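One-based numbering, in listed order, for ligands and for the atoms of each. Numbers here are sequence positions counted from 1. Here the structure is a predicted model, which means the values were calculated and not measured.
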Amino acid sequence: MNSVDEAKLIDGRSIATAILARAAANVQRISTETGGQVPALATVIVGDDPASHTYVRMKRKRCEEAGMLSIRVELPQGTTTPQLLDAIHKLAASQTVHGILLQHPVPAPIDRRAAFEAIPIEKDVDGVTSAALGRLLLGMPSLAPCTPRGIMMLLEEHDVDLDGAEATVIGRSPILGRPMASMLINKHATVTLCHSRTRSLSNLVRRADVVIAAVGKPRYVKGTWIKPGAVVIDAGYNPGNIGDVDFDSAIKRASLITPVPGGVGPMTIAVLIEQTVQAAADQLGVSLGTSGGADKSRVG
Ligand code: NAP
């Protein structure tokens with residue numbers, strides 16, 4: 001990669017590091033102002049999927065590095081929906097737990113939606129409840145799904161002008177594509193939301209000023225689909241650290257692009273930590289002001 005290409009890279013790691021440093025400072029502030037109370041994130045994991053356990057370990061590690069408490073709830077494969085709901089209800093009722101993260105995918109036949117809905121909105125630091133998603137859709141301040149909020153922060157950090165821009169989002173999952181589309185609409189982009197039934201995907205990508213790939217297929221989005229000068233955000237994370245965008249061909253046409261790894265990935269955990277600190281501050285009655293944790297006035 002030459003120096004011109006390097007200038008196009010969006011460095012998610014350094015932006016995430018700054019968010020985590022701010023979160024750590026706010027943890028101290030909360031502790032000082034409340035006589036020693038510490039923000040606490042409960043992670044709930046069901047079953048033994050190795051990738052899910054790795055993700056939860058990373059989240060717990062970041063939590064502890066920020067000076068927060070990390071509470072681990074591990075339930076065995078075969079846990080029933082009522083058993084999972086019981087565990088979440090206990091965390092919901094605990095005054096010393098400020099955020100609850102239910103790691104997904106949750107193994108079948110558990111009713112995943114019922115489990116998410118058991119999380120009270122003020123502790124929904126992963127933005128998975130219908131209440132949080134509804135607020136987001138309506139452009140109301142809310143905790144939000146971490147990956148799309150992290151992507152919005154990357155765009156903001158790089159002064160990407162979304163007002164009137166054409167944005168194409170590939171993927172419509174409830175944790176990524178759908179909330180992403182809502183956040184972009186809230187910032188006045190004109191959004192095309194694509195999925196597996198979309199016809200002529202390459203043409204819809206070609207007209208976009210901003211492309212968000214959240215499709216879950218390695219190197220699926222080709223460089224020839226990218227409009228020269230477009231901003232390309234690759235949320236994909238496929239085995240072998242491979243994104244959903246064919247990076248080598250896309251960087252030739254993009255004005256800005258996220259690498260994989262080191263682009264969107266680090267932002268997801270940083271936003272989770274930031275939102276947990278904000279949730280704790282709200283529950284403990286501490287104002288973090290404009291240097292706050294997750295800025296809950298954010299509608300994008
Ligand atoms: P998902 O739930 O599997 O959703 C994938 C979406 O892509 C679906 O909406 C699907 O359409 C659509 N799709 C599949 N094949 C397509 C095709 N050929 N053309 C157009 N659209 C197609 O995945 P997800 O959870 O949203 O994750 C998406 C990607 O982001 C994955 O690579 C995942 O690993 C990554 N991810 C990264 C982070 C992070 O922190 N970096 C966090 C979460 C996810 P249908 O709805 O029609 O099936």
*Which option out of M267, H195, M180 puts a heavy atom nearest to atom 20 (C) of ligand 1?*
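That would be H195.
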_Just to be sure I'm reading this right: ignoring hydrogens, which of S196, S173, G177, P239 gets closest to atom 11 (O) of ligand 1? Compare them by their nearest heavy atoms._
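Comparing heavy atoms across S196, S173, G177, P239, the nearest one to atom 11 (O) of ligand 1 lies in S196.
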Which residue and atom name correspond to the protein heavy atom nearest [atom], and how close is it?
atom: atom 32 (O) of ligand 1; result: Y237 N, 3.0 Å
atom: atom 25 (O) of ligand 1; result: I175 CD1, 3.6 Å
atom: atom 42 (C) of ligand 1; result: T147 OG1, 3.3 Å
atom: atom 5 (C) of ligand 1; result: V215 O, 3.5 Å
atom: atom 31 (C) of ligand 1; result: G216 CA, 3.5 Å
atom: atom 17 (C) of ligand 1; result: Y220 OH, 3.8 Å
atom: atom 8 (C) of ligand 1; result: R172 N, 4.0 Å

_Contacts of R62 that satisfy side chain to side chain contact (heavy atoms under 4.5 Å, CB included) - sequence neighbours left out_ =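 So R62 forms a side chain to side chain contact (heavy atoms under 4.5 Å, CB included) with L20, E65, I269, I273.
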*Return the set of residues passing side chain to side chain contact (heavy atoms under 4.5 Å, CB included) with S196 (not counting sequence neighbours), or none when no residue passes.*
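With neighbours one apart ignored, the set is empty.
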*What distance do L101 atom CG and T276 atom OG1 have between them, rounded to the nearest 0.5 Å?*
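Spacing of CG (L101) from OG1 (T276) equals 8.0 Å.
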*To the nearest 0.5 Å, tell me how far K252 NZ sits from I226 CD1.*
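With rounding to 0.5 Å, NZ (K252) is 13.0 Å from CD1 (I226).
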*Taking both backbone and side-chain atoms of A235, is any N or O found less than 3.5 Å from an N or O belonging to ligand 1?*
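There is such a contact, yes.
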*Apply side-chain contact (heavy atoms from CB on, under 4.5 Å) to the pair I121 and R135, showing each step before the final yes or no.*
CA-CA 10 Å; I121 186 168; R135 290 180 68 88; 3.6 Å; yes
Atoms in ligand 1 with a heavy atom of [X] nearer than 4.0 Å:
X: G265; answer: 41 (N)
X: G171; answer: 6 (C), 7 (O), 9 (O)
X: T268; answer: 39 (C), 40 (O)
X: K217; answer: 15 (N), 16 (C), 18 (N)
X: D244; answer: 29 (C), 32 (O)

*asked:* Could you walk me through whether L284 and H98 satisfy the side-chain contact (heavy atoms from CB on, under 4.5 Å) test, starting with their C-alpha distance in whole Å, then the side-chain angles of each, then the deciding distance to 0.1 Å, before giving a yes or no?
replied: CA-CA 9 Å; L284 296 168; H98 306 103; 3.9 Å; yes
*Are any side-chain N or O atoms of R29 and backbone N or O atoms of S287, one a donor and one an acceptor, separated by less than 3.5 Å?*
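Yes.
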*Residue pair D111, L84: steps toward the side-chain contact (heavy atoms from CB on, under 4.5 Å) verdict*: CA-CA 9 Å; D111 182 345; L84 176 56; over 6 Å; no
*Using a distance-only test with no angle check, is there a side-chain donor-acceptor pair under 3.5 angstrom linking S130 and E117?*
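Result is yes, a qualifying pair exists.
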*Can you check whether a protein heavy atom sits less than 4.0 angstrom from atom 3 (O) of ligand 1?*
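Protein heavy atom within 4.0 Å of atom 3 (O) of ligand 1: absent.
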*For ligand 1, is any non-hydrogen atom under 4.0 Å from L176's backbone (N, CA, C, O), its side chain (CB onward), both, or neither?*
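The answer is the side chain of L176.
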*Beyond-backbone contact of H104 with D126, side-chain heavy atoms, under 4.5 angstrom*: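 They are in contact (side-chain heavy atoms under 4.5 Å apart), so the answer is yes.
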*Which residue, L9, D159, I233, V231, forms the side-chain contact (heavy atoms from CB on, under 4.5 Å) with L256?*
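When L9, D159, I233, V231 are each tested with L256, the side-chain contact (heavy atoms from CB on, under 4.5 Å) holds only for V231.
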